[in-house]
Amino acid sequence: MIVMEMLSSSSGSKRINEDLACFTSGSINNGAKKIRTDRINSDQVSKVIHIRSLPSDVSEQEVIQLGLSFGKVTNLLMLKGKNQAFLEMENSEVAREMVNECAISPPTIRQRVLYVQYSNHKELKTDSSPNQVKAQAVLQAMQQTEGGPNHVLRVVVENMLYPITLDVLHTIFTKFGVVLKTITFTKNNQFQALLQMGDAIQSQTAKLSLDGQNIYNGCCTLRIEYSKLPALNVKYNNDKSRDYTRNDLPSGESSILNNPPSSLQSILSSSAGLMPTPYSNNAAASIAAALQQSQLNTLSNAVSSRSAINNAAVAAQLANLINSGGSTSSSMPSSGTSVLHVSNLNEDMISPQILFTLFGVYGDVIRVKIMFQRKSNALIQMNDNTQAHVAMKHLHGVKLFGNSLQVVTSKHSQVQMPREGQDIGNLTQDFSNSPLHRFKKPGSKNFQNIYPPSEVLHLSNIPNDVTEEFLKDSFAAFGKVHGFKFFAKDRKMALIQMSTVEEAVKSLVMMHNFRLSDTNHLRVSFSKSQI
């Protein structure tokens, strides 16, 4: 059993959960490594920072990056089994700045709010256990960013059927070392990237292992060579470049072009030569890849780094946007944020569930936060920035409960959940795991049936024993019903027409997921059809 020992004790009281609340006989057993820590009084500032509520699969690099945002990090202890970590900063002033800043604006890692406080110990003294050696190697690599010969790799992606993002590259290359910085760009109609690894050995290992490999089955082939650059100078953290050692860099201006280059059409027309996709929407995947090669990089929040299936879903959505009638430049988002700010809400009628239902027509809503002081305002976090743009495009100015919604992009990158006991009135809700998301299923027809609010609503999942009269009476509670008809070939679906768009919007948020039987809940969406 490997333990963490204390050199000395303090008469001060221990805070709850400090050092995992597992100090026994002057030691901590974390089952991973041996660390000695010198105790200080709990009311003193320590250069050792205690971080709690980390994701279970958090990496050393993510924790170190958090500390590097405030100054130099000299030591690290990971306690992954307890979702906690210790960072030893260069001095107590840096630690004080970090704790004070995190108290005002709690940091997050992968949408999980972290708790940052001083440790009861004044320093960490590490040993040579394998886990600690690994942590020290990552720490050293992330703080030696000046680079050197063969530290930077040039990556070209050939036969790019699916879009490739910074997160995709980071996930692949971190298997062979520490990725410090990444810059992506398009040259000669090819997606390319420069990656700075922790050292030349890591670069060599990644090159030998990945050169010629396909990111996805049968496509997105990696061609890797050494760059002549010893290091990368990253000025912005956005969808095209990232410095993983610094969280404080600005995002810069949007990389989206108002007018795509003329070569876009030739790329689209040549998509037939790409390897066939295993999913239903082959053209959509080609369109998405072509858009990225044309520097319309709007997929950084939308494309998962773990699954080609999600890429196909996003591509299908992009194809629907392009085919829905607008030009490419007007259809694509002008902001990288997935969070929307909605104002002019009816305070007496609004709830997180109603906003989830309405905005869920245009994308998967992750979180909703109604402002406690101003309940006419809310933040809505969509699954990605493309869905946020679609929702804003269709719902801005739409009347809900008598008020015209004002929908704009938010300066926030995510909606944070309040601490336990602080959400009076349950005004903030997390819908990440909701079964009512319309766009989770890859290749879903919902991607192809996104329409603006209209008087006509599409109803589905109707049991055979539910009558027209019952449905009309149910919807009449929210407005005047002007028409109704079942689908001739499928009685599980129907169209119902309300007298106004406002009444249709109200009917949708009140009747979607309405229970019709023990196994059937009504599904409601806007329709382009007429009765």
Side-chain angles (χ1 to χ4, degrees), residues 52-55 101-116 247 251 300-302 333-440 505-506 508-510 512-513:
R52 297 184 290 121
S53 190
L54 290 163
E101 179 65 25
C102 292
I104 298 172
S105 178
T108 61
I109 293 180
R110 279 181 263 135
Q111 300 184 357
R112 186 160 180 171
V113 179
L114 310 182
Y115 300 103
V116 178
N247 278 332
S251 61
S300 61
N301 296 325
S334 59
S335 171
T337 182
S338 61
V339 179
L340 298 173
H341 181 273
V342 186
S343 58
N344 199 36
L345 295 167
N346 185 323
E347 297 185 21
D348 297 327
M349 298 294 296
I350 205 62
S351 69
Q353 182 65 46
I354 286 175
L355 291 174
F356 166 78
T357 301
L358 179 58
F359 282 76
V361 174
Y362 300 106
D364 292 335
V365 177
I366 305 303
R367 289 177 179 173
V368 176
K369 180 184 185 69
I370 296 177
M371 306 301 186
F372 178 72
Q373 298 291 346
R374 300 176 61 191
K375 293 184 175 63
S376 62
N377 290 257
L379 295 177
I380 300 176
Q381 181 179 340
M382 307 296 290
N383 186 56
D384 58 64
N385 59 323
T386 303
Q387 294 181 0
H389 174 77
V390 175
M392 179 175 65
K393 172 184 174 182
H394 289 302
L395 293 177
H396 178 69
V398 170
K399 280 193 174 183
L400 176 63
F401 300 126
N403 292 9
S404 296
L405 301 182
Q406 303 299 309
V407 186
V408 297
T409 55
S410 171
K411 64 180 180 180
H412 299 282
S413 60
Q414 61 184 351
V415 173
Q416 294 187 355
M417 296 298 295
R419 296 184 180 182
E420 186 175 353
Q422 290 185 349
D423 188 12
I424 302 174
N426 199 26
L427 297 177
T428 305
Q429 292 188 23
D430 189 312
F431 297 96
S432 301
N433 298 317
S434 173
L436 297 179
H437 285 159
R438 299 175 187 250
F439 302 97
K440 274 191 173 180
V505 172
K506 183 178 179 181
L508 183 145
V509 299
M510 302 305 292
H512 182 66
N513 202 40

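Reckoned from all heavy atoms, side chains included, excluding hydrogens, waters and symmetry mates.
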Fill in: Ser413: partners by side-chain hydrogen bond (donor to acceptor under 3.5 Å, both in side chains), with sequence neighbours left out
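Partners of Ser413 by the side-chain hydrogen bond (donor to acceptor under 3.5 Å, both in side chains) criterion come out as none, since no residue qualifies.
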How many angstroms lie between [atom1] in [X] and [atom2] in [Y], if you round to the nearest 0.5 Å?
X: Gln429; Y: Lys369; atom1: CD; atom2: NZ; value: 12.0 Å
X: His512; Y: Leu436; atom1: NE2; atom2: CG; value: 5.0 Å
X: Tyr362; Y: Leu395; atom1: OH; atom2: CG; value: 5.0 Å
X: Leu400; Y: Ile354; atom1: CG; atom2: CD1; value: 7.0 Å

Within the 4.5 Å heavy-atom criterion, are [X] and [Y] side-chain neighbours or not?
X: Val408; Y: Leu340; value: no
X: Ile380; Y: Leu355; value: yes
X: Ser338; Y: Asn383; value: no
X: Phe439; Y: Gln387; value: yes
X: Val398; Y: His396; value: no
X: Val368; Y: Gln381; value: no
X: Val415; Y: Ile366; value: no
X: Met417; Y: Asp430; value: yes

Closest non-hydrogen atom pair, [X] against [Y]:
X: His412; Y: Leu379; answer: CD2-CD1, 3.8 Å
X: Met382; Y: Ala391; answer: CE-CB, 4.3 Å
X: Gly360; Y: Arg438; answer: O-CD, 3.2 Å
X: Leu427; Y: Lys375; answer: CD1-CE, 3.9 Å
X: Leu405; Y: Leu345; answer: CD2-CD2, 3.5 Å

Worksheet item: Counting only N and O atoms by type, is there a donor-acceptor contact under 3.5 Å from the side chain of Arg112 to the main-chain atoms of Ser53?
Response: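 Indeed, once roles are kept as given, a pair shorter than 3.5 Å links the two residues.
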Worksheet entry | Under 3.5 Å donor-acceptor, Thr337 side chain and Lys411 backbone |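 Not confirmed, Thr337 side chain does not pair with Lys411 backbone.
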Practice prompt. Go through Gln414 and Thr108 one step at a time and tell me if the side-chain hydrogen bond (donor to acceptor under 3.5 Å, both in side chains) criterion holds.
Written response: CA-CA 9 Å; Gln414 61 184 351; Thr108 61; 2.4 Å; yes
Worksheet item: Does the ring of Phe401 carry Lys399 above it, NZ/CZ under 6.0 angstrom from centre and within 45° of its axis?
Response: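 The answer is no, since Lys399 fails at least one limit relative to Phe401.
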Item to complete: Would you check, one step at a time, whether the test side chain to side chain contact (heavy atoms under 4.5 Å, CB included) holds for Leu54 with Leu114?
Response: CA-CA 6 Å; Leu54 290 163; Leu114 310 182; 3.8 Å; yes
Practice prompt. Kindly write out the residues that satisfy ring pair (Phe, Tyr, Trp, His ring centres under 6.0 Å) with His437, not counting sequence neighbours, or none if the list is empty.
Written response: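 Here the qualifying residues are Phe356.
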Worksheet entry | Where at least one partner belongs to residues 339-353, residue pairs that pass side chain to side chain donor-acceptor pair (under 3.5 Å), sequence neighbours excluded |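 Qualifying pairs, neighbours excluded: His341-Asn377.
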Practice prompt. Just do the side chain to side chain contact (heavy atoms under 4.5 Å, CB included) check on Tyr115 and Arg419 with the steps written out, would you?
Written response: CA-CA 10 Å; Tyr115 300 103; Arg419 296 184 180 182; 3.2 Å; yes
